[in-house]
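These notes concern the structure reproduced below.
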Amino acid sequence: MAARIRSILSGSEGAPVARAAAVPVLPPALESRPVWWCKTVDPAFEVPEVPAGVDVRVVLPDSSEFAAARERLAAAGVPFRAIRHWLEQEELSATAATAWLSDVGGVVPERCESVVGEGARAARLAFEMVWDLHDTTGSTTTGATTTAPDPVPIARFVPDDWARFLPFPVLNPTQAQAAPRLVDSDSHLLITAPTGAGKTAMGMLAVLKAILHEGRKAAWLVPQRSLTDELDRELETWRTEGLRVERLSGEYAVDVEAVKAADLWVATTEKFEAICRASSLQAALGEVGCLVVDEIHLLGSPNRGALLEALLARVRGADSPVRIVGLSATVSNAAEVAEWLEADLVATTWRPSRVTWQLPTIPAASGFTANNRLREQVVLDLTHRHTAEGGSVLVFCGSKRNVRSTAMAIAADRGAPVHAVAADDVDGLAKACAEVGVRLHYADYEHKHAAERAFRAREADVLVATSTVAAGVNLPARAVIVRDVSIGGEPIDTSTVLQMFGRAGRIGAGEAEGWSYLVVDETQRADWQTRLVAGYSVYSRIRDSLPDHVLAEVLQGRIGTMDDAQAWWVETLAHAQGDDDLEPVQEAVAFLEDEGHLAVTDGRLAITELGRLTARMMVSTHTGHRLRRTLGLLPVPRDPDEAENALSLVLSVAVRDLAGIPVPEPVRPAVATVIKAGGRTSQITNTTSVKGLGSQTTTAPGDLAWAALLLAARSPHLFDGKRRVAGGIPMATLHPVYEQAPRFLAWLAAQGVLGTVHPWIAVVAADLDHRVRWRALAPRRGAGRLLWMCEEMATRAHLREVVPGLWRSAVARGVRSPDWPPGRSPAGCVLDHAGYTALLRERTTHYALAAHAGHATATGGTGAAVIAWRGRTWTEPSTSATIAYPEAEDDEPGVAVFTRRGDYRATGWLDAYTSLAAPTDDPPAPPGRTRRGLGR
């Protein structure tokens, strides 16, 4: 079955392949003149004789070792810049650039191959950037000046009654430049400034204008859930001043009434879009007068850009009732983005601290291990250089594995006994590292917030992290070291590196100067120098997922005809950037019609129930296609075990976010073992575990998700306490699966009443969805209906606090299904009597289901959708009591009933999902083979 599923998916139609990133565009060519510019780390450096009229400049370290070299340069009248922690060595002429390997981490400085053309021009531009940055006259406009500008009192631009909401009584130059436009104008604004220039205070001014001056709501969008926490903490004082701030993140964070009453919503783009698609909040959305978009340059992000573009396309334009205030890092095509938004551009390069970036260059190693070792040694050297002066260092790695190995290497260099820590002992490693001032940070690390606090408080001077702290988190880093040029196996993009570089020299965190490093090998140096000099450019990503956004616009009533769809396409950034062919949107509409998301009649586009479900649950239409197609090609399973195996594997491979979750090398044998044991830890023995020769190559895309779902389904007892490991796999590694999978299971389950998937798929998905989401309650097979009832009695606003109590009370009293007789509501039920009575009527309890030889019957109830099937073919939903089977292969027939509210029942082996399975002891493990030694 597994091989067949992977074969089907390997040949299924997928989402369009993302287009390659645009080639970096360098600034206009420099004035043509002969130059000889040099970056050196040689204390014995002597300026060679050059012809008259050649522009000679030198950059070198400012350490005492180079005092004599600086004196020689001064005596010869050669301009130079002496820079702390300088390590690059490079010679530049008007036509070529030659770099050397960096003398860092034990690397022997050797000459690299020269570059010409655009690579040489990028090298000269990089030289000029660092030259201007370290101009001691204070006349440059690039970077921070040597004399800090005087702060401007907020009273000059801001009404007096706003002052109590702002973090400081004065504005820095960037804030003072933007404040008049924010306060006195109603136009859209795009504000670009380097990281650390205080863009948060600018967002605050825009929000305060909407709330205090106009009496309207505001929404503040951030790209990551962790950043909603950060911003929510910064806005805590607003609550004490009487403003209602509501953070919108997490699966069950939305309290509809609280959202309606809030003055300000703080949300991720995804959560805000989900609200836009929710019918219950349309009136509240109409009150929003200002939309602050933090990190708006992520319009060009492959993962987040398309959704943000679709959202902004709705409200862009001078006549929009919603004001857009975009806060962006410096981007090279900011004017183009501003023109698309019809926004005024406020651009500045000022930042309160000076950050110098460099590219430590290592030899190109042929092996993965050798390359890793070289990068680790460079990190050790650079870390020591900065911490020896009392500075703090933030190290970015491309994977959790590299975070752990790098943190271990730094800790070992400081004398920590890490050699005694097992490779999979995360707690032991964290403790050993913490004792010498090193902390770890990655997305599913349970102590990451403690690591942040320790780093802010200077209890730790080194934080080794993945990209989770690259954007928006204010940490006191003097130096940033980007160890890897890939993240999760994918090449890192320029914007991410620039975000990482921006963590250095954060003045609000006590640092006045910063240093940033990207470790590259000799073959990568010229490309990265070009990319960093060119800067980050925003290019549309919406075409890659166009059907999803067309469907969302139809859902919200903005598209009703093909002409509307084509007019909407014209409003996108993609069209503004030259993608003016109408064929993409026409193909998107055709795809949506073929998939049953839209019905097209006489040129009118109407959303179907499946389309409405898909758009509101924000399931990719291409992912939905893969799921439904693959599951539809499978034979009907013969029992619950086979069904759960098939459904969990299809989900794990078809959903790219699940298939792409990397399997850390140390847990690959455990993942393979769990799959081999079918998720039953009781069957994991010495003879079934996968280990030894070949065990490191036994995983395929989706295997981690498959193992995680099998564990939740077959070994629920693992999740009822404080266990850190399940089946040999750390819970932190499993967490991303459990966070993402329920949405897709719920989407499949909700199609039962629509008849758009086979009933077995809807029933099994509904049960698995509830068991995965409520895994902390250790629910067994068949728990889905009872958990559904508990959820309905708790109401969505009180799920987390009410459902566990209702569940435990029911199970303790021997209740195994929601099929109890009418009467008083159970203790803890949040519904009033009328609501509880209505819920009882919307169960499938009263239906009597029977599969006869030529037809099926569903009697005793009314209003539910009844579906009969034979083999892989099923009927349309019906409310009739008697349904004939479809004409199909001579296979086992069955009948199922689904209610609109979410209850279900079915015949045959699907009856196992009607009620909670009785508790059974796990079967004993088979005895291991006894091996007799010599002489026995």
Side-chain angles (χ1 to χ4, degrees), residues 21-27 122 125-126 129-130 132-133 142-144 174 190-199 222-224 227 293-305 326-334 336-337 347-360 394-398 465-475 477-487 490-507 511 513-520 524-525 527-539 541:
V23 176
V25 179
L26 292 173
L125 287 167
M129 289 172 67
V130 74
D132 288 347
L133 185 68
T142 304
T174 296
L190 176 61
I191 302 172
T192 66
T195 302
K199 291 190 287 288
V222 295
Q224 297 175 14
L227 301 184
V293 185
D294 222 336
E295 315 290 357
I296 196 173
H297 57 272
L298 291 179
L299 272 167
S301 166
N303 298 321
R304 294 187 168 93
L327 308 177
S328 173
T330 302
V331 295
S332 56
N333 64 337
E336 181 182 35
V337 177
T348 180
T349 58
W350 181 90
R351 66 172 286 164
S353 58
R354 179 173 63 190
V355 177
T356 304
W357 61 261
Q358 297 183 73
L359 301 176
L394 180 54
V395 181
F396 285 110
C397 300
T466 55
S467 61
T468 49
V469 295
V473 181
N474 194 23
L475 292 171
R478 180 176 298 176
V480 165
I481 306 168
V482 184
R483 176 196 186 276
D484 303 310
V485 293
S486 62
I487 296 179
E490 295 296 323
I492 193 170
D493 61 79
T494 308
S495 67
T496 301
V497 173
L498 292 172
Q499 286 283 352
M500 292 173 173
F501 279 7
R503 299 304 100 198
R506 301 301 298 273
I507 195 166
E511 300 289 352
E513 188 169 12
W515 289 265
S516 296
Y517 307 92
L518 172 65
V519 183
V520 297
Q524 300 164 340
R525 177 182 172 83
D527 175 60
W528 269 107
Q529 190 158 244
T530 302
R531 291 167 65 178
L532 293 172
V533 168
Y536 174 64
S537 296
V538 172
Y539 294 103
R541 296 283 185 167

**Message:** Given 3.5 Å as the limit, does a donor-acceptor pair link the side chain of R304 with the main chain of L298, or not?
**Reply:** no
**Prompt:** How many angstroms lie between CD1 in I487 and CZ in F396, if you round to the nearest 0.5 Å?
**Reply:** 9.0 Å
**Prompt:** Do S328 and T192 meet the criterion of a side-chain donor-acceptor pair at a distance under 3.5 Å?
**Reply:** no
**Message:** Quick check on side chain to side chain contact (heavy atoms under 4.5 Å, CB included): which of I296, L190, D294 does L327 satisfy it with?
**Reply:** D294
**Message:** If you define the side chain from C-beta out and look only at heavy atoms, does anything of V337 sit under 4.5 Å from L299?
**Reply:** yes
**Request:** State whether the side chain of R541 and the backbone N or O of G300 hold a donor-acceptor pair below 3.5 Å, judged by distance alone.
**Result:** yes
**Asked** With no hydrogens and no angle check, is any side-chain donor or acceptor of K199 less than 3.5 Å from a backbone partner on I191?
**Response** no
**Item:** Qualifying residues under salt bridge (Lys or Arg N to Asp or Glu O under 4.0 Å), relative to D493, sequence neighbours excluded
**Value:** none
**Item:** Gap separating the CZ atom of R525 from the CG atom of L518, nearest 0.5 angstrom
**Value:** 10.5 Å
**Prompt:** CD of Q358 to CD of Q529: how many Å apart, nearest 0.5 Å?
**Reply:** 11.0 Å
**Message:** Quick check: closest heavy atoms across N333 and E336, and the distance to 0.1 Å?
**Reply:** ND2-OE1, 2.9 Å
**Message:** Ignoring hydrogens, what is the shortest heavy-atom contact between A122 and T530? Give both atom names and the distance.
**Reply:** CB-OG1, 3.4 Å
**Asked** How far does CH2 of W515 sit from CD1 of I481, to the nearest 0.5 angstrom?
**Response** 12.5 Å
**Asked** Looking only at heavy atoms, which two atoms of S332 and A534 are closest? And how far apart?
**Response** CB-O, 3.5 Å
**Fill in**
Heavy atoms of S516 and V355 approach each other most closely as OG-CG1, 3.6 Å
**Asked** Would a 4.5 Å heavy-atom cut-off, applied to side chains only, mark M500 and S467 as touching?
**Response** yes
**Message:** With rounding to the nearest 0.5 angstrom, report the CZ to CG distance, R531 to D527.
**Reply:** 5.5 Å
**Item:** Y536 side chain vs H297 backbone, donor-acceptor pair below 3.5 Å
**Value:** yes
**Item:** Closest non-hydrogen atom pair between T348 and P194, with its separation
**Value:** O-CD, 3.4 Å
**Heavy-atom closest contact (L394 atom, A477 atom, distance)** = CB-CB, 3.9 Å
**Request:** With side chain to side chain contact (heavy atoms under 4.5 Å, CB included) as the test, would you mind laying out the steps for W357 and V480 before giving the verdict?
**Result:** CA-CA 9 Å; W357 61 261; V480 165; over 6 Å; no
**Request:** Could you pull out all residues at least two apart from T356 that satisfy side-chain hydrogen bond (donor to acceptor under 3.5 Å, both in side chains)?
**Result:** H134
**Message:** Using side-chain heavy atoms (C-beta onward) and a distance below 4.5 Å, is L359 in contact with L532?
**Reply:** yes
